[in-house]
Amino acid sequence: MGRVAGKVALITGGASGIGRATAELLAEEGATVVLTDLQDVPGEDVAAGIRAAGGKASYFHHDVTDEAAWEKVVGETLSEHGRLDILFNNAGIGGTGVPVDEMSLDYWRQTMSVNLDGVFLGVKHGVRAMTETGGAIISTSSILGMVGAPNTAAYSASKGGVRLLTKAVAMECAARGLNIRVCSVHPGYIDTPMVGGAIQRGGPERREAILKSQPMGQMGEPRDIAEGVLYLASDAAKFVSGSELIIDGGFLAR
Ligand code: NAP
């Protein structure tokens, strides 16, 4: 308990899946959590659940592709809580399995807009907010930010971009003498609504194929990723920056 006590954390995509589990865990560990999403009803419910359990949380509607919305959310966090210590850039959209030669430019741009532009804007406004105080910025990439797979061109490109955006900004912060650590987390298959949607579209064979591809025989849980984010966000990781934390049940080890 208390591994991020007294810290203020902003979490995007906090209404669902990995973001929700991370909001709940950081709050359990003493952080004040500001969670944001497009999904207002579940987002408010997550914040209310955290408060009912004795934690501190509030929810904001926030489209991560909108720079003015970032200015508003970060500004309100600073005016309400006085500081921002942890930013978890987690909101993202999955792929729908389109072959590259059938992929529309609109689909490519939409994926980049949420998964990469959204992370860029978070990093930009996070660094501004943390310049005086320091902090930790963690962004959700994927195993598909490290290796390729068929029919994932836009998703993989966006997540590979998150991986190297992270390293560039980690070096930039270090060179400027800012006490801001910047890391990426790389989930394998995690049982969330995003993967549930892919399974629904692909049917029972898709579920079988995913389970068969798991070295440990099962998908991970959102809490498995939250535990890694908690470590990266905490002072236990004070010498960790530019790093990529893979949490994938061994998927990339073969
Ligand atoms: P999830 O359950 O679908 O949660 C993602 C949340 O982000 C949803 O509430 C979603 O709202 C929201 N969101 C989407 N676009 C947004 C935008 N423009 N602005 C603000 N919020 C937005 O998915 P998850 O599995 O937890 O995924 C979280 C992150 O992990 C994503 O970046 C994903 O790519 C990454 N990841 C997941 C897995 C996995 O196996 N689950 C593996 C590797 C990486 P909507 O429902 O309206 O879209």
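Order of appearance sets the numbers: ligands from 1, and atoms from 1 within every ligand.
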(message) Suppose we screen for side chain to side chain donor-acceptor pair (under 3.5 Å). Which residues come up paired with Thr22, at least two apart in sequence or across chains?
(response) none
(request) Write down the atom of Gly92, the atom of Asn115, and the distance for their closest heavy-atom approach. (result) CA-OD1, 3.2 Å
(message) The criterion is salt bridge (charged side-chain N to carboxylate O under 4.0 Å, His left out); which residues satisfy it with Asp85, sequence neighbours excluded?
(response) Arg83
(request) Could you tell me how the ring of Trp70 sits relative to the ring of His125: parallel (under 30°), tilted (30 to 60°) or perpendicular (over 60°)? (result) parallel
(request) Below 4.0 Å from any atom of ligand 1, which residues have a heavy atom? Give them in chain and number order, please. (result) Gly13, Ser16, Gly17, Ile18, Asp37, Leu38, Gln39, His62, Asp63, Val64, Asn90, Ala91, Gly92, Ile93, Val114, Thr140, Ser141, Ser142, Tyr155, Lys159, Pro187, Gly188, Tyr189, Ile190, Thr192, Pro193, Met194, Val195
(request) Using distance alone, with no hydrogens and no angle criterion, decide if His61 and Gln39 have a side-chain donor and acceptor under 3.5 Å apart. (result) no
Output side-chain donor-acceptor pairs under 3.5 Å for residues 226-239, partner residues at least two apart or in another chain, one line each.
from, atom 1, to, atom 2, distance (Å)
Ser234, OG, Tyr231, O, 2.8
Ser234, OG, Ala236, N, 3.2
Asp235, OD1, Lys7, NZ, 3.0

